[in-house]
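Written out below as structure tokens is the structure these notes cover.
Letters A, B, ... are given to chains in the order of the sequence lines, protein chains preceding strands, and every chain is numbered from 1. Source: prediction; values computed, not measured.
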2 protein chains.
Amino acid sequence: MQKKSELQVFREYLQKNRLRYTQEREQIIKEIFATHDHFDVDTLYLTIRQKGIHISKASIYRLLPLLIEADLVQDVFFEDGHMHYEHIYGHEHHCHLRCIECGKIEEFSDPRLKDVERDLEERFGFKILSHKLDVKGLCPDCREKLKKMA
Amino acid sequence: MQKKSELQVFREYLQKNRLRYTQEREQIIKEIFATHDHFDVDTLYLTIRQKGIHISKASIYRLLPLLIEADLVQDVFFEDGHMHYEHIYGHEHHCHLRCIECGKIEEFSDPRLKDVERDLEERFGFKILSHKLDVKGLCPDCREKLKKMA
DNA sequence: AAGCTTAAAGCGAATCTTTATTAATAAGCG
DNA sequence: CGCTTATTAATAAAGATTCGCTTTAAGCTT
């Protein structure tokens, strides 16, 4: 069975909510899914512009909540004064390990986090919906670099 | 052995970095440590103002990075368009479980996260410095409320 | 204790991100 | 094809954070 494309998923989401599938939205989504990289609004905007496509930044801001609601995108972390996002459709759930020196990001997942969730449900009576584990450290290169400096 | 006060810790941090211990900084820190609650810049600013103490908001913004660097404060999450903080000195490390309906926050910690950190060090060669697990869900009250609505 | 150096404060302007407004456009249904 | 109305671009507005500049005051040094 063929997996649905992100555009199909988004179309269905729109139909369910009586919203419209526009050229602009299609172009933005295509760009978001064109690379695996994380992105922020400004670089996404500039990338689209560079291709000669004219889309206003406000349209990106308006689209993002819909993509998040449709589980196609998630916000990853707030840094440098603005939010960073990534597309998640078709990927396993994962968390992020970031180097505080150079910004390098590794993705990982760990089954123990599900266990933690289960414990929390039991202990606090919450219905758990999501978790986000953000780990910071020094990548191998930066460790080496700092060792030499000291 | 008596634990050092947060002010002492901050003093030492300042000395190490040849920075100055000012009236303003002392008053801001005292206010931050006066309650266990999470805080944001604006409410902290207003609370201080209400006590008749005049401190500019910029001074708070300038102080926060120092407090974070000195491990007295950490940023907890970005919400409602701005960052939220908490003082951490004298507390065990903990993570946050938040209700997406009412905003209620439970704190917890789990030894398995240390295990995850160890695995990450081994697997990616990073030196791990910190982790932050943010779990979202529905608290017992809101689960009940939503059940009745449906 | 006074003098000196310079970090830090206050203030307001500037910047940056994100949201709201509004008139014009176009999706998509009948 | 025409109608309804969601969506767009553009711009203004709002809110958070930072910057620049002048004045104040920590905290050495003598």
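Where B:Leu14 and A:His82 meet DNA chain C, the nucleotide closest to each residue was compared, and B:Leu14 sits on the side nearer the 5' end.
In the set C:dA8, D:dA9, C:dA27, the nucleotide with an atom closest to the side chain of A:Gln23 is C:dA27. With distances taken from any side-chain atom of B:Arg20 to the nucleotides D:dA26, D:dT7, D:dT17, the minimum falls on D:dA26. Nearest to the side chain of B:Ser56, among C:dG10, D:dA10, D:dT7, sits C:dG10. Residue A:His54 has its side chain nearest to D:dA10 when only D:dT8, D:dT17, D:dA10 are considered. Checking D:dA10, C:dG28, D:dT7 against the side-chain heavy atoms of A:Arg25 singles out D:dT7 as nearest.
Look at B:Tyr61 and you'll find a side-chain N or O under 4.0 angstrom from OP1 or OP2 of D:dT17. Contact check, A:Thr22 against D:dA6: no side-chain N or O comes under 4.0 Å of OP1 or OP2.
Judged by atom type and distance alone, B:Arg62 reaches the base of C:dG10 through a side-chain donor-acceptor pair under 3.5 Å.
Cation-pi geometry between A:Arg143 and B:Phe126 is not met: the NZ or CZ atom fails to fall both under 6.0 Å from the ring centre and inside 45° of the normal. Under a cutoff of 6.0 Å and an axis angle of 45°, A:Arg25 and A:Phe10 do not form a cation-pi pair.
Atom CG in A:Leu44 sits about 15 Å away from atom C1' in C:dT17, given to the nearest Å. In this structure, A:Tyr45 atom OH and C:dC16 atom C1' are separated by 15 Å, rounded to whole Å. For the pair B:Asp80 CG and D:dT17 P, the computed distance is 12 Å after rounding to whole Å.
Taking the side chain as every heavy atom from C-beta outward, B:Val41 and B:Leu64 approach each other to under 4.5 Å. Between B:Leu113 and A:Arg112, the closest side-chain pair of non-hydrogen atoms is not below 4.5 Å.
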